[in-house]
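Notes follow the structure.
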Amino acid sequence: EAGVAQSPRYKIIEKRQSVAFWCNPISGHATLYWYQQILGQGPKLLIQFQNNGVVDDSQLPKDRFSAERLKGVDSTLKIQPAKLEDSAVYLCASQQGSYNSPLHFGNGTRLTVT
Amino acid sequence: GESVGLHLPTLSVQEGDNSIINCAYSNSASDYFIWYKQESGKGPQFIIDIRSNMDKRQGQRVTVLLNKTVKHLSLQIAATQPGDSAVYFCAENIRDSSASKIIFGSGTRLSIRP
C-alpha cells in the first residue's frame, strides 16, 4: 500500500510571503489531518477533515492559515502571509476510520521562514 | 487539559538492554493510545496502540502498558538495537462533543550506547 505523499519536501520563503503544501492520503482513508511540528516538540494538530468536511480546526490560526480537501481526497494547506514562527515541519496524516485506529504520516514539508 | 506529557526528555540505554519510555496523560476520558517512533527527517511511524479496555498489549519486541488509575502509559522495548534510536511519542485520542482527535506529547529521545 502506498503511503501518505507530501510535497514539497522543503520550502524556504521570506516572511509575509505565501506558501502551500500538498498531501495525498492513503487510498480509502476518510480522515485526514494536518499537524505542525516545531523543532524539538511533538506534532500539534492544526485541522482534521472527515471526507471533505472539517471536523476540527480549533487550533488553526485562521487569520493566516487555510486548508481544503476538495473531493475528499487530496488536501492543501496554505499560509498567507507567513511569519517567522511558522518555521516548522508540516505533517499530513490519514486514518482509515474516524477514531481508535492509528494515523499514518507522510514525511512532512520542512518550512523555513526568513 | 488536553496535554500528554513525558517524564524524561532523553533516555540513554546500553545496546541489548531493555528500554522503558514513560508517558503521563491528563484526560481521563481518553480511550485510545498510540506510540509512535520518529527518525530524523521522517514522519512519525506507528509502533503499537492500546485501547482503554486493555492494560497490556505486546508486539514484536515492544510492549505497551496502560495504567488508567494513575493515567500512565509506558512503552517497553526489549533487547534495544541501534536502529531503535529515535524520538518516541505517545499520543492519546481525545473525544469531545464535536470530534475525536489525536493529541501528541513532547517526545523522548532514545539513544543507544554501543
Side-chain angles (χ1 to χ4, degrees), chain A residues 1-10 21 23-26 29-51 53-60 88-111, chain B residues 1-6 9-10 21 23-27 29-54 57 59 62 64 66 73 86-109:
Chain A
E1 144 183 286
V4 175
Q6 289 189 249
S7 67
R9 283 288 277 131
Y10 306 93
F21 313 125
C23 172
N24 180 240
I26 293 173
H29 282 197
T31 310
L32 184 147
Y33 302 77
W34 284 101
Y35 285 83
Q36 178 193 59
Q37 187 174 26
I38 293 172
L39 185 65
Q41 298 182 15
K44 172 190 168 186
L45 179 64
L46 293 176
I47 189 167
Q48 177 183 346
F49 291 94
Q50 179 77 17
N51 296 310
V54 176
V55 173
D56 187 310
D57 63 357
S58 57
Q59 299 299 307
L60 189 73
V89 175
Y90 290 85
L91 294 163
C92 178
S94 68
Q95 184 184 35
Q96 189 166 20
S98 59
Y99 63 92
N100 285 8
S101 62
L103 308 186
H104 299 266
F105 283 85
N107 285 327
T109 296
R110 180 176 296 278
L111 174 67
Chain B
E2 297 182 351
S3 63
V4 176
L6 295 171
T10 59
I21 302 172
C23 175
Y25 63 95
S26 59
N27 193 318
S30 295
D31 58 1
Y32 176 63
F33 304 88
I34 317 168
W35 280 101
Y36 284 93
K37 172 185 180 182
Q38 188 174 28
E39 296 173 290
S40 181
K42 297 184 179 180
Q45 176 187 2
F46 169 78
I47 302 173
I48 192 168
D49 58 2
I50 188 167
R51 289 170 173 73
S52 58
N53 60 350
M54 303 170 68
R57 191 165 187 219
V62 294
V64 56
L66 174 62
L73 195 66
V87 177
Y88 290 80
F89 294 98
C90 66
E92 65 180 305
N93 184 74
I94 295 176
R95 280 203 263 180
D96 59 25
S97 58
S98 61
S100 172
K101 55 190 177 185
I102 303 289
I103 303 298
F104 282 76
S106 56
T108 293
R109 180 173 297 281

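Computed from heavy atoms alone, side chains included, the values below leave out hydrogens, waters and symmetry copies. Numbered from 1 within each chain, the chains take letters A, B, ... in sequence-line order.
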Turns out that what part of Gln45(B) lies under 4.5 Å from chain A's heavy atoms comes down to neither

Turns out that what part of Tyr36(B) lies under 4.5 Å from chain A's heavy atoms comes down to side chain

Contact part of [X] toward chain B, heavy-atom cut-off under 4.5 Å: side chain, backbone, both or neither?
X: Gln37(A); value: side chain
X: Arg9(A); value: side chain
X: Leu45(A); value: side chain

- Query: Going through the distances and angles, do Asp31(B) and Arg95(B) end up as a salt bridge (Lys or Arg N to Asp or Glu O under 4.0 Å)?
  - Reply: CA-CA 8 Å; Asp31(B) 58 1; Arg95(B) 280 203 263 180; 2.4 Å; yes

Most contact-rich option vs chain A, by heavy-atom pairs under 4.5 angstrom, among Ile34(B), Val87(B), Ile102(B), is Ile102(B)

Pairing donors with acceptors under 3.5 angstrom, does anything connect the side chains of [X] and [Y]?
X: Thr31(A); Y: Gln50(A); result: yes
X: Tyr25(B); Y: Glu92(B); result: no
X: Ser100(B); Y: Asn93(B); result: yes

(Q) Under a 4.0 Å threshold between the charged nitrogen and the carboxylate oxygen, would Asp49(B) count as salt-bridged to Arg57(B)? (A)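 So Arg57(B) pairs with Asp49(B) through a salt bridge.
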
Tell me if the centroids of the rings in Phe105(A) and Phe104(B) come within less than 6.0 Å of each other. yes

One option among Ser58(A), Cys92(A), Gly42(A), Gly106(A) has the most heavy-atom pairs under 4.5 Å with chain B, and it is Gly42(A)

